[in-house]
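Heads up, the thing below is written out as structure tokens.
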Amino acid sequence: MIYNGTNITITLHANHNLSNPTSSEIFYKKPSGQTGAWNATIIGNDQLTYTTAVGDIDIPGIWVLQGKVVKAGVTYWTSLAQMIVEAHI
């Protein structure tokens, strides 16, 4: 279970070799509709990861995530992923 206000590590998988990217980000869409991106780290050759900071996960509901990597002038996107965030009582 993921609760708003907690720190988690988000890992997204890609179907491409992502080593040596120019940039890597994980884009998010909050349940409120607000969008943004976090700088991601590449793990191995096919995973993007980001560990949230305090305040990153601030709204309960369904979040939509997608990774983007730019490598040698080519942009690669991961599949969409959903994350359900619960509110504290």
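By the 30° and 60° cut-offs, the orientation of the rings of W63 relative to Y28 is tilted. Between W77 and F27, the two ring planes are tilted [angle within 30° to 60°].
Counting heavy atoms from C-beta on, the side chains of L80 and Q82 never come closer than 4.5 Å. Within the 4.5 Å cutoff, the side chain of S19 has no heavy atoms near those of the I42 side chain. A 4.5 Å side-chain heavy-atom check between N17 and K71 finds at least one atom pair inside the cut-off.
To the nearest 0.5 Å, the span separating CD1 on I10 from CD1 on I57 amounts to 5.0 Å. Expressed to the nearest 0.5 Å, how far CD1 of I26 lies from OG1 of T78 amounts to 7.5 Å. To the nearest 0.5 angstrom, I43 atom CD1 is 4.5 Å from T49 atom OG1. Going from atom CG of N4 over to atom NZ of K30 covers 10.5 Å, rounded to the nearest 0.5 Å. Atom OH of Y76 and atom CG of L48 lie 13.0 Å apart (nearest 0.5 Å). Here the straight-line distance linking atom CD of E86 with atom CD1 of I2 works out to 9.5 Å at 0.5 Å rounding.
A donor-acceptor pair under 3.5 Å is absent between the side-chain atoms of E25 and the main chain of W38, judged by distance alone.
Between T52 and N7 the shortest heavy-atom distance is OG1-CA, 3.2 Å. Scanning both residues, Q66 and L12, for their nearest heavy atoms gives C-CD1, 3.8 Å. Between P31 and P60, the shortest heavy-atom distance links the atoms CG-O, 3.4 Å.
At a cut-off of 3.5 Å, with distance as the only test, a side-chain donor of Y50 or D56 sits close to an acceptor on the other residue. For the residue pair T9/T51, the side-chain donor-acceptor check at 3.5 Å is satisfied.
The neighbour count for I84 CD1, taken as heavy atoms of other residues, nucleotides or ligands under 6.0 Å away, does not exceed 12. No more than 12 heavy atoms of other residues, nucleotides or ligands sit less than 6.0 Å from atom NZ of K29.
The hydrophobic clustering, which links ILVMFWY residues whose side-chain heavy atoms are closer than 4.5 Å, places L65 and I8 together.
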